[in-house]
Amino acid sequence: MRFRERNTTRSMKTDVKLTSMVKTSGCAAKLPPEKLHRVIDNLPLMSSDKLLEGFESADDALVYQVTDDIVSVQTVDFFPPMVDDPYIFGQVAAANALSDIYAMGGTPNVAMNLLCFPSCLDLEVMEQILLGGISKVKEANAVIAGGHTIADPTPKYGLCVTGFMKKDQVWSNKGAKVGDAVVLTKALGVGIINTAAKASEASEESVSQAVDSMTRLNKVARDIAIRYQVHAATDVTGFSLAGHSQECAAASGVTIRFDAKSIPIIDGALELAQFGFIPEGRYTNQDYLFEKVRFAKELPQELVDVIYDPQTSGGLLLFMPKADAKAFVAEMDKPYCKLIGEVVPKTDRDVEFV
């Protein structure tokens, strides 16, 4: 795969605060799940013998049969900036969109840009956003083949991504089994830290960890996990750990029980939550999940805040036999990749944090 040098060289001339142009940022800009489901749950399902996964189970990507044993896996994701640097914004948005393919057990092959761009900004800002996206798509060993742009007062960027894989190797969010261990491959707290950073209240170390997490592809985690048995998978983004695990639990007909104090958290996120740097999406997530998720009474409020925190380009949530989960975590050998729970028979809640 070749890229012209002038299209892969990052310029440092841009000086713009992208976050000053948006009200909500990253995956925190998603519509509240309650409002979203109020509409899509009433839409007629369009069926096809070749459409193996649609939106009915809230899976990460659609799955469409191409041949007897090959399927295409496709997703689309875009959002407003959560960082001021246009290049890093492009990286985060691309990594977030690519993640849905990894969450299905696949690898991205081809992508298309989606860009909303304010006419008041210098075109170099646009170039830097697109270069950031290219850098992550190149890292994923995929290609960008065009896209679509429109003029918009609020900058937004993302990708439509397609991967091709064997039908029997697709992961779904609805295969969790009683006795499975639950693994999370990235630390939480990105939404809280981004909120504090907009007010210049987050430490450099916290911001650095958040940016590192958001720009890190889930490629390595996926590449290692496919060597083990994975019964179900998703990635943790705007609907929070609580929300995306609830979707898995409901689709699988089980309860997911988390050891809340074992959940990896970015340094500083708990303290910032205590000081009230909470994104709006944290509250809309709780409103939707109130009767579906239970928290032990002794858990501190700031930990609950992090569990409901909307993540941007979050980690994979994997449901695996316990022996496989332990071996996977050991092979990953990263402090942010941890075994954090187990799957138990269905109770009166889809998810429990104890």
Side-chain angles (χ1 to χ4, degrees), residues 30 33-34 36-37 40-41 43-65 69 71-77 99-106 161 163 165-185 218 221-222 225-226 228-258 285 288-289 291-294 311 314-322 324-325 328 339-353:
K30 282 187 175 181
E34 189 276 330
L36 179 62
H37 281 281
I40 64 173
D41 289 350
L43 295 177
L45 290 176
M46 298 185 69
S47 61
S48 166
D49 291 341
K50 293 188 176 182
L51 183 61
L52 307 182
E53 290 283 349
F55 65 81
E56 58 276 4
S57 66
D59 224 328
D60 295 289
L62 69 83
V63 180
Y64 191 85
Q65 190 155 353
D69 62 341
V71 297
S72 67
V73 183
Q74 189 170 48
T75 185
V76 60
D77 213 319
S99 179
D100 283 340
I101 304 298
Y102 294 128
M104 301 294 288
V161 190
M165 60 187 301
K166 291 187 176 180
K167 179 180 176 181
D168 60 0
Q169 294 178 351
V170 174
W171 296 342
S172 169
N173 71 348
K174 58 176 179 286
K177 301 179 184 296
V178 172
D180 278 351
V182 186
V183 175
L184 180 62
T185 67
N218 282 320
R222 176 267 176 197
I226 61 171
Y228 298 95
Q229 190 172 1
V230 176
H231 291 151
T234 189
D235 62 347
V236 178
T237 55
F239 294 154
S240 74
L241 174 62
H244 290 289
S245 61
Q246 187 275 327
E247 290 173 339
C248 289
S252 302
V254 298
T255 289
I256 301 170
R257 183 172 294 155
F258 290 99
N285 285 337
Y288 176 68
L289 296 166
E291 296 182 351
K292 303 175 182 181
V293 177
R294 177 165 45 231
Q311 303 302 288
L316 299 182
L317 192 67
L318 303 173
F319 300 83
M320 312 168 73
K322 288 183 179 179
D324 287 42
F328 168 75
L339 198 160
I340 62 171
E342 62 179 341
V343 179
V344 300
K346 187 75 174 70
T347 69
D348 62 334
R349 294 290 190 275
D350 290 328
V351 181
E352 299 174 351
F353 291 91

Report yes if the side chains of [X] and [Y] come closer than 4.5 Å at any heavy-atom pair, otherwise no.
X    : Y    : answer
T347 : R294 : yes
N218 : T185 : yes
V182 : L317 : yes
I226 : W171 : yes
S48  : Y64  : yes
D180 : K322 : no
V343 : F319 : yes
V344 : V178 : no

Going from [atom1] on [X] to [atom2] on [Y], what distance comes out if it is rounded to the nearest 0.5 angstrom?
X    : Y    : atom1 : atom2 : answer
I256 : K346 : CD1   : NZ    : 10.5 Å
H231 : M320 : NE2   : CE    : 9.0 Å
E247 : L289 : CD    : CG    : 8.5 Å
S72  : K50  : OG    : NZ    : 10.0 Å
K177 : Q229 : NZ    : CD    : 8.0 Å
L62  : Q74  : CG    : CD    : 5.5 Å

Can you find a side-chain donor-acceptor pair between [X] and [Y] that sits under 3.5 Å?
X    : Y    : value
Q246 : D350 : yes
N173 : T234 : no
E352 : T255 : no

Main chain of [Y], side chain of [X]: is a donor-acceptor contact present, judged purely on distance under 3.5 Å?
X    : Y    : result
S240 : G243 : yes
H244 : F239 : yes
T75  : D100 : no
S172 : K174 : yes
R222 : Y102 : no
S245 : A242 : yes

Minimum-distance pair of heavy atoms, taken over all atoms of [X] and [Y]:
X    : Y    : value
V73  : V63  : CG2-CG2, 4.5 Å
S99  : D235 : OG-OD2, 2.8 Å
G175 : A232 : N-CB, 3.5 Å
L318 : A233 : CD2-CB, 3.7 Å
V254 : A176 : CG1-O, 3.9 Å
L339 : A325 : CD1-CB, 4.1 Å

Next item on the list: Evaluate the side-chain contact (heavy atoms from CB on, under 4.5 Å) criterion for residues L52 and K167: first the C-alpha distance (whole Å), next the side-chain angles of each, then the deciding distance (0.1 Å), finally the verdict.
Entry: CA-CA 9 Å; L52 307 182; K167 179 180 176 181; 3.9 Å; yes
Next on the checklist: Can you classify the ring geometry of F258 versus F353 as parallel (below 30°), tilted (30 to 60°) or perpendicular (above 60°)?
Outcome noted: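 Aromatic pair F258/F353 classed parallel.
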*asked:* For K166, is the NZ atom crowded, meaning more than 12 foreign heavy atoms sit under 6.0 Å from it?
replied: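 No - once you tally the heavy atoms of other residues, nucleotides and ligands closer than 6.0 Å, there are 12 at most.
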